[in-house]
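Written below as structure tokens is the structure these notes are about.
Just the heavy atoms: all of them, side chains too, but no hydrogens, waters or symmetry mates, feed the values below. Within every chain, numbering begins at 1; the chains are lettered A, B, ... in the order of the sequence lines, protein sequences first and strands thereafter.
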Amino acid sequence: MIEMNTIYKSLVEIVDEEYVSNRKEDLYIYSQDPGMMEPHEPEYVVMPRTTEEVEKIAKLANDKKIPIVPVGGSLSLSGLVIPHHGGIVVDLKRMDQVLEVNEKSRYVIIEAGVTTGKLKAYLEKNHPDLRFSIPDAPPSATVVGNIVIHGQGRLTQQYGFNSDMVTGLEVVLPTGEVCKIGSGSVSPYWFSLAPLPDLAGLFLGWFGTTGIITKLGLKLYPKKKIRDIEVFVVEDPNLVPDVINRVTHTEMAEDIFIGAQPYPPVFKDIIMIGMLLTGDSEDEIEFKRKMIWDALRIHIDSKEGGFMMMTPSIKQDLLEMPTSSTTRFADVMKGGGFEYCGPIIPVEKFPEAFQKLLEITTKYGITYGNACRIIGRSHCMMFSFGYPFNRADPENVERTKSALHDTNVASLDIGGVPWKPEVPAQKMIMEKMDKNTLELMNRIKKVLDPNGIMNPGNWEVE
Amino acid sequence: MKRGKLMFELKFDEEKCLACPTFDCLVKCLYMDIDRDIAKTEMKKIISGEDSFVLHQCTTCYSCEEYCERGNHPFYLITDLQEKKGILPMPKPLKTQFINIPVPTRRDIPQFWAAEEPVISLCIFPEYINVINESKLFEELSIIIGRYFFCQLMYLHSGNPSLIRERLPGIIENIAKHNFKEVIFFHDECYSTFTSYTDAYGIKVPFKPIHFFTYLYNKLKERKEEIKPLNKKVAYQRNCSARLTPDREHLIDDIFELIGVERVERKFDRKNALCCGGVIRGQQKYDLFRDVQKKNVEDMVDVGAEYCVFNCPACFDSLSENVSKKDIKPIMMHDLCLLALGEKTARK
Ligand SMILES: Cc1cc2nc3c(=O)[nH]c(=O)nc-3n(C[C@H](O)[C@H](O)[C@H](O)COP(=O)(O)OP(=O)(O)OC[C@H]3O[C@@H](n4cnc5c(N)ncnc54)[C@H](O)[C@@H]3O)c2cc1C
Ligand code: SF4
Ligand code: SF4
Ligand code: SF4
């Protein structure tokens, strides 16, 4: 108790009373996320405003050997922000400043708590010709949280995972040192990670187990004036990889996603492949559209595929950025439960993954929404098995849990890797992982976090 | 399942074709270059159930139904033969979407207990509920709406017209349950179904279908003194289902006269009207789609049209952006009438 009081006091000294809490109601909020993982309460929640404060918190935690869990928008859904071993939740939302935009070298430097919604609005207002790869998560998701889990966004088909767009980081190590990574460690300009040794990899995909990112340099991209969309539909999942191959070959689409859902009836029994077209003029859009139509002529002529007829409202829904329909779908069962397992898979594995999705949802009698995103020029794809569930219905929760387990097994079986995996799925991955790779991961973690205080439970070998 | 297909046979008089002096059905087709000799050969093939290029190239614009002035049903015959031969005017997945769209969901209401005559069927266009409920012009109308009342005629576009005959008796039953003597149909696709299509296949309709424009015209006449002539030049965009009931076409001119607009004479109007393009795009004929829309809109521009007036909500969706870009205002017919009465309109 005395120890707890001293920690509380130390935290108050670091950030002010207003931004520390050990009140039951606050701890309850931070004990869970919308997904399937069991809740677990932290002992403290703290909201730092500056890197120096984060540095002090890390030093304190390391000193006292208390777990710290960095938290952004808590929307990654797979329990990655649940403090499985208690400790201090470091909520970064107060660190919400856009620090610099370099228009000519097209990058932005932001603090860790900047949300996707804020960055979007900021750019629209101040730099209307620039944009970033926004994910379809609710706008309260943080850009850094998204990068940490190797998120994907609206420019991912062109430029890869959102984490491939990082130009620099400022990180507080578990032992409290502050480190800059990328050109920013040598120069005032945060333009790129290269040509230095790529240390960003020590923090991306690690779910906060290796340090707390306090600042992020991120690539920005030209924002075209006009946006339009085409949706190609097929019934046979076996055709999807070829359709993707042909469209990506044209390099004319900005974003490519795949969607399948049993409801409403207009979407039943079909698979939709959406292609965002952007341009600075109608002619540019028309040229791109024509290229894509021509590329898919073979499937049109066979009558197996065709471009969907869209009402303006469907079109508007699909053009929205981020799409609110995903968020609406997430609560289709009411009761506030949603989890999706989105393994990253080779594109040619789409038919197998789709088959698994149908098998699993039929087996457990649950509904689904499938939304995939092509990553790179068909270099791989995120295949989501999205399961909305009703948290108030324990039976529904159990079935969804089992479905999620089966999904993780299936994802690995077909040669994919679960994305933003929850702890049990992390274990499955690590079991399958090359042993030396696993050992390397362990060594890195030990070096960076000798006391094992960072988001414990994650990427952890027993 | 098969019952519908067996029960209802198309009334088609081959003799009329054999003695036909014009072969207008195909000669006048705007999407195929067919002279009389070719038309004669191809019609013969179609009548005897043989393959013809017409079956493959048809845009399903419905027009030949109107071009035939001898009361035959060339278009229905074409669509039946397309199905028999498995010729798909649209890709399979789009056909699947067509099949699924009108399957009632939990949101659909099977019976409107409170609906009283005069009653209007809004088909599956909820976006017009407000205008019907809120404007003085329609204040007396009750509404029935939703998938239980959907006319199903769109399978003429997707190569499976037998589904119309399979589902239609059920739809008719759903409406008949209400015991209405007359039903006004907002969309003329529905009106055409319960008149032209049911007649052609001998399907009984136990209520009297009223074309929306008949109702609109009568109502406007009652309130003639309140109308402020709009003095605008308008282009009219005919839709495909209007081809099935050409006897209602005069109402467009009658209404225009009442509200004081000039239907500008243009190349692609009346019998020579072009499709909005929506279905052609759905058929994946992209170049033709662009060409048809371009010609159509340029034609409106050339004659100085200020408004483009629609009857069909789907045509509106398909063409409105293009006409707007040329500074022609797209508007639904009822909204144009409301403008003339100084009432609030539903769509801009
Ligand atoms: C409806 C819906 C749609 C979605 N669509 C997409 C999509 O299209 N693309 C996509 O990529 N994702 C999507 N997501 C998933 C997720 O919401 C996003 O990826 C989101 O950006 C994650 O950010 P967050 O702030 O919520 O992260 P959090 O959940 O708060 O954190 C994620 C992980 O990062 C760690 N972390 C957070 N901040 C830091 C930091 N500063 N330093 C170190 N570690 C940190 C946390 O400990 C945790 O392990 C979607 C989610 C929902 C609910
Ligand atoms: S369908 Fe009509 S227009 Fe065509 S050939 Fe027969 S009678 Fe003549
Ligand atoms: S429906 Fe139209 S395209 Fe087809 S044959 Fe008749 S007039 Fe020609
Ligand atoms: S949208 Fe217009 S053109 Fe298309 S089916 Fe309906 S009435 Fe015909």
Give a yes or no answer on whether the side chain of B:Asn100 reaches the backbone of A:Lys268 with a donor-acceptor pair at less than 3.5 Å.
->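 Yes: the side chain of B:Asn100 pairs with the backbone of A:Lys268.
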Exam field: side chain B:Gln97 to backbone A:Val266, donor-acceptor pair closer than 3.5 Å |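 Confirmed, B:Gln97 side chain pairs with A:Val266 backbone.
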For [X], is the [atom1] atom crowded, meaning more than 12 foreign heavy atoms sit under 6.0 Å from it?
{"X": "A:Gln316", "atom1": "CD", "value": "no"}
{"X": "A:Glu359", "atom1": "CD", "value": "yes"}
{"X": "B:Phe53", "atom1": "CZ", "value": "yes"}

Using non-hydrogen atoms and a limit below 4.5 Å, what part of residues 233-252 of chain A faces chain B?
->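 Within residues 233-252 of chain A, the residues that come under 4.5 Å of chain B (heavy atoms only) are A:Val233, A:Val234, A:Glu235.
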Top contributor to chain A contacts, counting heavy-atom pairs under 4.5 Å, from B:Glu321, B:Arg281, B:Gln283, B:Arg147 |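 Winner by heavy-atom pair count: B:Arg281.
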Which bit of B:Pro89 is near chain A, if near means a heavy-atom gap under 4.5 Å: side chain, backbone, both or neither?
->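 The backbone, not the side chain.
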Side chain from CB out, backbone as N, CA, C, O: work out which of these in B:Lys325 comes under 4.5 Å of a heavy atom of chain A, or both, or neither.
->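 Just its side chain gets close to chain A.
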Can you tell me how far CD1 of A:Ile270 sits from OG1 of B:Thr96, rounded to the nearest 0.5 angstrom?
->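 Answer for the OG1-CD1 pair, B:Thr96 versus A:Ile270, is 8.0 Å.
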Rounded to the nearest 0.5 Å, how far apart are CZ of B:Phe316 and OG1 of A:Thr311?
->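 Answer for the CZ-OG1 pair, B:Phe316 versus A:Thr311, is 13.0 Å.
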Listed once per pair and sorted, the ring pair (Phe, Tyr, Trp, His ring centres under 6.0 Å) pairs that draw on residues 250-286 of chain A, sequence neighbours left out |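 Qualifying pairs: none.
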Could you give all pairs that pass the ring pair (Phe, Tyr, Trp, His ring centres under 6.0 Å) test and reach residues 290-318 of chain A, with sequence neighbours left out?
->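 Matches after skipping sequence neighbours: A:Phe232-A:Phe307, A:Trp293-A:Phe307, A:Trp293-B:Tyr286.
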Test item: A:Pro265 and B:Thr105 side chains (from C-beta on) under 4.5 Å apart, heavy atoms =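 Counting from C-beta outward, A:Pro265 and B:Thr105 do come under 4.5 Å.
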Closest heavy-atom contact between A:Gly306 and B:Pro93?
->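 Distance-wise, the nearest heavy atoms are N-CG, 4.2 Å.
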So which heavy atom on B:Met90 is nearest to which on A:Lys303, and how close?
->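 What the structure gives for the nearest pair is O-CD, 4.0 Å.
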In terms of side-chain geometry, is the basic nitrogen of B:Lys95 or A:Glu304 positioned less than 4.0 Å from the acidic oxygen of its partner?
->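 No, this pair does not count.
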State which residues pass side-chain hydrogen bond (donor to acceptor under 3.5 Å, both in side chains) with B:Asp287; sequence neighbours excluded, sorted by chain then number.
->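 So B:Asp287 forms a side-chain hydrogen bond (donor to acceptor under 3.5 Å, both in side chains) with A:Lys290.
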